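We number each residue from 1, following the sequence as shown. Given the structure is predicted, the values throughout are model-derived calculations rather than measurements.
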Amino acid sequence: MSTAVFLAALGTLEDRLKRLPASFQSRLRLTADCGAVNPMEWLAGQTLYPRIYWCGRDNEEEVAALGVCQDFRFESADDSGLATLLQQTATHTGNARLYGGVAFDATGPAWSEFGYARFVLPRIELTRQADHYRISVNLNSENAGLAAEREAALAALRGLLPPQPLPHRAPAAVVSHSDNPEFPRWQELVTQLTSADFNRHTPKVVLARQTRLDFERDLCPWSLLRRWQQLNPSCFQFGFQFGPGASFISCSPERLYLRRLSLLQSEALAGTARRGANEAEDTSLANELLADSKNAEENLWVKQDILTALAPLSEWVEAEAHPRIFKLAHVQHLHTSIHARLKRETGDLQLLQALHPTPAVGGYPRQSAMTFIRGHETEPRGWYAGACGYLSADETEFAVAIRSAYLQGKQVCLYAGAGIVAGSRPEAEWRELDNKLTTVLSILLDGKALA
């Protein structure tokens, strides 16, 4: 990083803020080139909250967002304000983005810092697009007036600190380790879900497990996410820290949808196998996954559900005929691409209502699977398996928040799920959960994510 170039960019934004006209329309975004800066290191070193991080699956775009220009929080899916926000996003001009997420279950208890849904227009954004770095400041005319808004923006710029290397410390002892549910209860649930009577009306339910680890000292969410990102670069990486008390991070392979104007991309990501110890074994396991009827059926249910949901919202919708292999560090999945052209009246409100949660994280049919989950999972999922990303008029993208962690001080809760269908075996599905958490557990237990 060139400190001189970065400071010059901040100076440019300050000068532009001071020369603002007496009035401006709605939201205003001022941007300056700032030279190469590591977004996550920059974000972790600041004192202002919220702190939000987003990196797309193709690694072409990376965003570190800081502070609040506007904050929208909703405690339930029935809050009319959420529907209004999602509908109004399409009418705003410019490229301002709201970053945030929606919890897995509209009826479940919410995490206190996150609510059912929360979206933030940040005060400051540091953005990398390919090799181009920019810093931006957002203003909103609906706040306390130009003078107060300008002073708030200037104060945020002047309070920025230079990036610092993320902390690396020696391993800390794990004080306690627990799973919810524990294996005996998991075995009972899988047995119930695979019975012929249950399968007849609900062929798939995704059961989740929370793995809780308590350490002897605090964890740094950004160090954990950084190491996770390095080991699984082909995933979406994102994190939300609305205040100093808690944070939610994820390294997720799964896209819910990407909307660019009226063109939509979605996908069915369901069906899992472990990676091999060498290329030959890896190829063999991939071929077994492609040929496995249980996993193929799981992927087909997800694909069909998405196609059915998108059909009334689209001028046309199509999907790949057969799934392909999507490889991660320790597991590989069946992946089927889906594309659509949306009708003029279709927006993000209708898309979220139709697609979230998908059968890949809930089950099939959706309502009966969700009823079982609500009645039998004792730990609320919160934003795990929710939809996280950004909203804007021209482009919206949400990832499905699987492979995620909820951190509070010395405690970290990890989440993973497995699709239970006819023929599922409790021991094999439990091992699948372990495989999905292998990467993040390896980071935590070697101490490289500790503050």
> Hey, mind stepping through Leu224 and Arg227 against side chain to side chain contact (heavy atoms under 4.5 Å, CB included) and telling me if it holds?
Replying inline: CA-CA 5 Å; Leu224 175 55; Arg227 289 284 296 127; 5.8 Å; no
>> Quick test of your reading of the model: are Glu267 and Arg57 salt-bridged, counting only N-O distances below 4.0 Å?
In response: yes
> Is there a side-chain contact between Glu254 and Thr358, using heavy atoms and a 4.5 Å cut-off?
Replying inline: yes
> So do Glu297 and Leu300 actually touch side chain to side chain, heavy atoms under 4.5 Å?
Replying inline: no
> Between Arg123 and Ala152, what is the shortest heavy-atom contact and its length?
Replying inline: NH2-CB, 3.7 Å
> Relative to each other, are the rings of His376 and Phe372 parallel, tilted or perpendicular (30° and 60° limits)?
Replying inline: parallel
> Who are the side-chain hydrogen bond (donor to acceptor under 3.5 Å, both in side chains) partners of Thr272, not counting sequence neighbours?
Replying inline: His333
>> Would the distance check show the side chain of Asn299 and the main-chain N or O of Ala270 forming a donor-acceptor pair, the cut-off being under 3.5 Å?
In response: yes
> Which distance, rounded to the nearest 0.5 Å, do you find between the CZ of Phe104 and the CZ of Arg381?
Replying inline: 4.0 Å
>> Can you tell me how far apart CG (Asn59) and SG (Cys235) are? Round to the nearest 0.5 Å.
In response: 11.5 Å
>> Between Lys436 (side chain only) and Ile402 (backbone N and O only), is there a donor and an acceptor less than 3.5 Å apart?
In response: no
>> Quick one, Leu48 and Val68 - any side-chain contact, counting heavy atoms below 4.5 Å?
In response: no
>> Could you check whether any side-chain heavy atom of Leu126 comes within less than 4.5 Å of a side-chain heavy atom of Val63, counting everything from C-beta outward?
In response: no
>> I'd like to know if the side chain of Tyr116 pairs up with that of Glu75 as donor and acceptor (distance under 3.5 Å, no hydrogens or angles considered).
In response: no
> Can a salt bridge be assigned to the pair Asp214 and Arg212 using a cut-off of 4.0 Å between side-chain N and carboxylate O?
Replying inline: yes
> When you look at Arg275 and Thr438, which way does the side chain to side chain contact (heavy atoms under 4.5 Å, CB included) test go after all the steps?
Replying inline: CA-CA 11 Å; Arg275 295 294 304 273; Thr438 295; over 6 Å; no
> With Tyr53, which of Gln241, Gln229, Gln237 fulfils side-chain hydrogen bond (donor to acceptor under 3.5 Å, both in side chains)?
Replying inline: Gln229
>> Using only atom types and a distance under 3.5 Å, with no angle test, would you say the side chain of Gln46 pairs donor to acceptor with the backbone of Trp42?
In response: yes
> Is the closest side-chain heavy-atom distance between Leu28 and Val137 below 4.5 Å?
Replying inline: no
> Are Glu377 and Arg209 ion-paired here, with the side-chain N under 4.0 Å from a carboxylate O?
Replying inline: no
> Which pair of non-hydrogen atoms, one from Glu429 and one from Ala418, has the smallest distance, and what is that distance?
Replying inline: OE1-CB, 3.5 Å
> At their closest point, which heavy atom of Cys69 faces which heavy atom of Asn138, and how far apart are they?
Replying inline: SG-O, 3.6 Å
> Should Arg134 and His132 count as side-chain neighbours, where that means a heavy-atom distance under 4.5 Å?
Replying inline: yes
>> Could you check whether Arg97 pairs with Asp394 (Lys NZ or Arg NE/NH1/NH2 to Asp/Glu carboxylate O, under 4.0 Å)?
In response: no
>> Looking at Ala273, is its backbone amide N or carbonyl O close enough to the side chain of Asn435 to form a donor-acceptor pair, meaning the two atoms are under 3.5 Å apart?
In response: no
>> Contact between Phe74 and Leu85 at the side-chain level, heavy atoms closer than 4.5 Å - yes or no?
In response: yes
>> Quick one, Thr211 and Cys413 - any side-chain contact, counting heavy atoms below 4.5 Å?
In response: no
> Which value, rounded to the nearest 0.5 Å, describes the distance between Glu125 atom CD and Arg29 atom CZ?
Replying inline: 4.0 Å
>> Evaluate Arg425 against Glu432 for salt bridge (Lys or Arg N to Asp or Glu O under 4.0 Å), listing each step before the verdict.
In response: CA-CA 11 Å; Arg425 293 179 292 110; Glu432 180 178 314; over 6 Å; no
>> Ser250 vs Ser404, test: side-chain hydrogen bond (donor to acceptor under 3.5 Å, both in side chains). Steps then yes/no.
In response: CA-CA 4 Å; Ser250 180; Ser404 54; 4.8 Å; no
> Any salt bridge between Lys327 and Asp282, counting N to O under 4.0 Å?
Replying inline: yes
> Where the side chain of Asn287 meets the backbone of Thr283, is there a donor-acceptor pair that is under 3.5 Å apart?
Replying inline: yes
> Does Arg51 make a cation-pi contact with Tyr49 (under 6.0 Å, within 45 degrees of the axis)?
Replying inline: yes
>> Does Val421 form a side chain to side chain contact (heavy atoms under 4.5 Å, CB included) with Ser424? I'd like the steps, not just the answer.
In response: CA-CA 6 Å; Val421 299; Ser424 292; 3.7 Å; yes
> What distance do Ser314 atom OG and Ile338 atom CD1 have between them, rounded to the nearest 0.5 Å?
Replying inline: 10.5 Å
> Do Thr202 and Ser368 have side-chain atoms, one donor and one acceptor, less than 3.5 Å apart?
Replying inline: yes
> Given Phe240, which of Trp383, Tyr406, Phe119 fulfils the ring-ring contact (aromatic ring centres under 6.0 Å, His included) condition?
Replying inline: Trp383
>> Does Leu355 form a side chain to side chain contact (heavy atoms under 4.5 Å, CB included) with Tyr257? I'd like the steps, not just the answer.
In response: CA-CA 9 Å; Leu355 296 177; Tyr257 72 86; 3.9 Å; yes
> If every non-hydrogen atom of Ala387 is compared with every non-hydrogen atom of Leu256, which pair is closest and at what distance?
Replying inline: CB-CD2, 3.8 Å
> Are the aromatic ring centres of Tyr390 and Trp54 under 6.0 angstrom apart?
Replying inline: yes
>> Looking at Glu182, I want to see if its CD is surrounded by more than 12 non-hydrogen atoms of other residues, nucleotides or ligands under 6.0 Å.
In response: no
> So how far is it from Ile443 CD1 to Thr439 OG1, rounded to the nearest 0.5 Å?
Replying inline: 6.5 Å
>> Using a strict threshold of under 4.0 Å (side-chain N to carboxylate O), is an ion pair present between Arg260 and Glu395?
In response: yes
> Do side-chain atoms of Arg366 reach the backbone of His356 as a donor and acceptor pair under 3.5 angstrom?
Replying inline: yes
> Counting N and O atoms only, with roles assigned by atom type, does the side chain of Asp105 sit under 3.5 Å from a partner on the main chain of Thr107, one being a donor and the other an acceptor?
Replying inline: yes
> Are there more than 12 heavy atoms of other residues, nucleotides or ligands under 6.0 Å from atom CZ of Arg324?
Replying inline: no
>> So if I apply the side chain to side chain contact (heavy atoms under 4.5 Å, CB included) rule between Val120 and each of Leu98, Leu66, Ile52, which one comes out positive?
In response: Ile52
>> Would you compute the distance between atom NZ of Lys294 and atom NZ of Lys204 and round it to the nearest 0.5 angstrom?
In response: 8.5 Å
>> Tell me if a side-chain donor or acceptor on Glu320 pairs with a main-chain N or O of Ser337 at a distance below 3.5 Å.
In response: yes
> Does Glu397 use its side chain to pair, donor to acceptor, with the backbone of Leu258 at less than 3.5 Å?
Replying inline: no
> Charged N to carboxylate O below 4.0 Å: is that the case for Arg185 and Glu188?
Replying inline: yes
> When you measure from the centre of the six-membered ring of Phe398, is the NZ or CZ of Arg255 under 6.0 Å away and within 45° of the axis?
Replying inline: no
> Thr378 and Asn180: side-chain donor and acceptor closer than 3.5 Å?
Replying inline: yes
>> Looking at Lys410 and Asp218, is there a salt bridge between them, counting it only when a charged N and a carboxylate O are closer than 4.0 Å?
In response: yes
>> If you compare all heavy atoms of Leu414 against all heavy atoms of Ala405, which two are closest, and at what distance to 0.1 Å?
In response: CD2-CB, 3.6 Å
